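The structure appears below as structure tokens.
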Amino acid sequence: MNSSQQIVLAQRPHGHVSLEDFRVEDVVLSELKAGDVALETLFISIDPAIRGWLDDRPSYLPPVAIGEPVRAFGLARVTASRNSNFTAGDIVRGFVGWQRHQIVSSPGSDWDRIASREDVPLEHYLGVLGMTGLTAWAGVCDILRPEPGHTVLISGASGAVGSVAVQLAKQAGAQVVGIAGGAEKCSMVARLGADAVVDRKAPDWKDQLEAATPDGIDRLFENSGGPMFEASITRLNNHAHIALCGLIDGYNLTERPSGPNNFGQLLTKRVLTQGFVVLDYMDRAAEVEATLGELISSGQLEAVQSVLPGFEELPAAFVDSFPNGQPGKLIIDLTASL
């Protein structure tokens with residue numbers, strides 16, 4: 001394979017991301033040199049974090065350059081190798097980007113081989129057994145550390161990370177309240193073990209939140225930001241803990257929100273708030289993957305995911321993921337066309 005299709009960033013989004021922000025290109029791949037591996041992309045993860053990488057603003061990773069493939073995590077197969085650490089046929093996980101094939105020069109620790117199990121679908125290694133599961137574990141088990149008697153609120157509970165966080169918090173013995181959008185997603189969150197679910201699309205969502213947390217909130221796993229975050233802060237008990245995972249409500253705004261209007265309550269209630277990025281926990285990835293893998297195999301953890309076929313679906317799937325949001329982990333499957 002000496003060429004590849006790529007979907008690159010055509011222009012920086014202004015406000016809501018749109019299809020016009022991307023374009024498809026055909027590129028010629030370089031010859032394989034010593035230390036290089038050739039990769040064929042199998043699955044690509046669609047994550048809200050991608051939106052932040054498209055803006056030219058400071059972040060934990062540099063912005064995607066105009067004309068470069070959109071950065072994305074995924075799984076790929078090694079088709080050829082001149083690197084002693086990789087063999088043709090290996091399945092690897094890393095930042096594959098929105099491209100069908102690529103040459104990686106001297107891949108380092110940011111690429112890892114997947115020792116797949118027959119009883120686990122390969123795409124799980126992008127979801128509950130990948131960064132999604134690691135993010136949920138870090139927020140719930142490392143930062144929040146809920147105990148029996150605690151009320152834990154999970155925003156974005158029907159999403160990739162939130163759906164795992166709900167289950168982990170429930171297994172810790174806590175009273176779990178989830179926030180989701182629409183009856184179908186709320187029903188799914190309840191099935192995952194949430195004791196109560198708030199429908200953020202309902203006109204009375206504030207009343208629902210108050211009714212679901214009569215004794216206040218002790219632990220908050222925050223994915224969304226916006227008005228729901230402000231309402232959640234109001235319900236926090238003294239000495240509550242927040243694991244600040246994401247602020248997706250503001251990702252498509254021209255100017256990011258300055259912060260919750262009731263920010264001062266974090267002081268008066270002495271709330272411990274910790275923002276975190278999953279890349280900070282990569283040294284724990286193998287350990288957490290093994291733990292979550294056992295929970296899946298034993299039936300104690302359900303992997304919620306939405307898998308869509310087709311490389312061409314990437315831009316539309318990403319754009320639609322903000323207003324509509326597929327339940328669980330959203331993954332694009334390229335294997336049908338290989």
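All figures in this text were calculated on a predicted structure; none of them were measured in a lab.
- Salt-bridge check for Asp47 with Arg51: failed, with every basic side-chain N at 4.0 Å or more from each acidic carboxylate O.
- Considering every non-hydrogen atom in both Trp205 and Pro227, the closest pair reads CH2-O, 3.8 Å.
- One hydrophobic cluster, built from ILVMFWY side chains closer than 4.5 Å, cannot hold both Leu272 and Ile217; they sit in different ones.
- For Phe263, the CZ atom sits in a loose shell: 12 or fewer heavy atoms of surrounding residues, nucleotides or ligands are nearer than 6.0 Å.
- Of all heavy-atom pairs between Leu220 and Leu144, the closest is O-CD2, 3.8 Å.
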Is there a salt bridge (Lys or Arg N to Asp or Glu O under 4.0 Å) between Glu123 and Arg93 once you walk through the steps?
CA-CA 11 Å; Glu123 57 267 29; Arg93 179 173 55 192; over 6 Å; no
Step by step, would you call Val120 with Leu129 a side-chain contact (heavy atoms from CB on, under 4.5 Å)?
CA-CA 10 Å; Val120 176; Leu129 298 183; 3.6 Å; yes
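- Using a 4.5 Å heavy-atom threshold, the side chains of Phe229 and Ser155 count as separate.
- Annotation: cation-pi geometry satisfied between Arg71 and Trp53 (NZ/CZ under 6.0 angstrom from ring centroid, within 45° of ring axis).
- Gln171 has its side chain within reach of Leu295: a pair of non-hydrogen atoms, C-beta onward, lies under 4.5 Å apart.
- No hydrogens or angles considered: nothing links the side chains of Gln5 and His101 as a donor-acceptor pair under 3.5 Å.
- The ring of Trp98 has its center closer than 6.0 angstrom to the ring center of Phe22.
- Arg57 and Asp55 are joined by a salt bridge, as a carboxylate oxygen and a charged side-chain nitrogen come within less than 4.0 angstrom of each other.
- Side-chain atoms of Asp333 and Thr335 form a donor-acceptor pair, as typed in the model, at a separation below 3.5 Å.
- At least one donor-acceptor pair under 3.5 Å links the side chain of Asn83 to the backbone N or O of Gly35.
- Considering only heavy atoms from C-beta on, Val189 stays 4.5 Å or farther from Arg191 through its side chain.
- In this structure the side chain of Asp110 never reaches within 4.5 angstrom of the side chain of Phe95, judged on heavy atoms.
- You'll find the side chain of Lys170 reaches within 4.5 Å of the side chain of Asp195, heavy atoms only.
- When Val271, Leu236, Thr234 are each tested for a side chain to side chain contact (heavy atoms under 4.5 Å, CB included) with Gln265, only one passes: Thr234.
- No single ILVMFWY cluster, assembled from side-chain heavy atoms under 4.5 Å apart, contains both Val27 and Val8.
- Between Glu25 and Arg23, at least one side-chain N (NZ, or NE/NH1/NH2) sits under 4.0 Å from a carboxylate O, which counts as a salt bridge.
- Between Asp199 and Gln208, the closest heavy-atom pair is N-OE1, 2.9 Å.
- Among all heavy-atom pairs drawn from Asp56 and Arg12, the shortest one is CB-NE, 3.5 Å.
- Between Pro148 and Ala172, the closest heavy-atom pair is CD-O, 3.5 Å.
- Inter-residue side-chain proximity for Val92 and Ile114 is flagged as unmet; no heavy-atom pair is nearer than 4.5 Å.
- Gly181 approaches Arg200 most closely through the heavy-atom pair CA-CG, 3.8 Å.
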For Trp137 and Ile143: C-alpha separation, side-chain torsions, deciding distance, then whether side-chain contact (heavy atoms from CB on, under 4.5 Å) applies.
CA-CA 9 Å; Trp137 180 91; Ile143 297 174; over 6 Å; no
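- Remark: the Ser4 side chain and the Arg100 side chain contain no N/O donor-acceptor pair separated by less than 3.5 Å.
- A donor-acceptor pair shorter than 3.5 Å cannot be found between the side chains of Lys33 and Ser105.
- Looking only at side-chain heavy atoms (C-beta outward), Asp142 and Phe276 stay at 4.5 Å or farther from each other.
- Between Gln11 and Asp21, the side chains place a donor N or O and an acceptor N or O closer than 3.5 Å (distance only, hydrogens not considered).
- You'll find the side chain of Glu40 reaches within 4.5 Å of the side chain of Thr79, heavy atoms only.
- Summarising the geometry, atom CG belonging to Leu42 is positioned 12.0 Å from atom CD1 belonging to Ile331; distances are rounded to the nearest 0.5 Å.
- In the displayed structure, Lys206 atom NZ is contacted under 6.0 Å by at most 12 heavy atoms of other residues, nucleotides or ligands.
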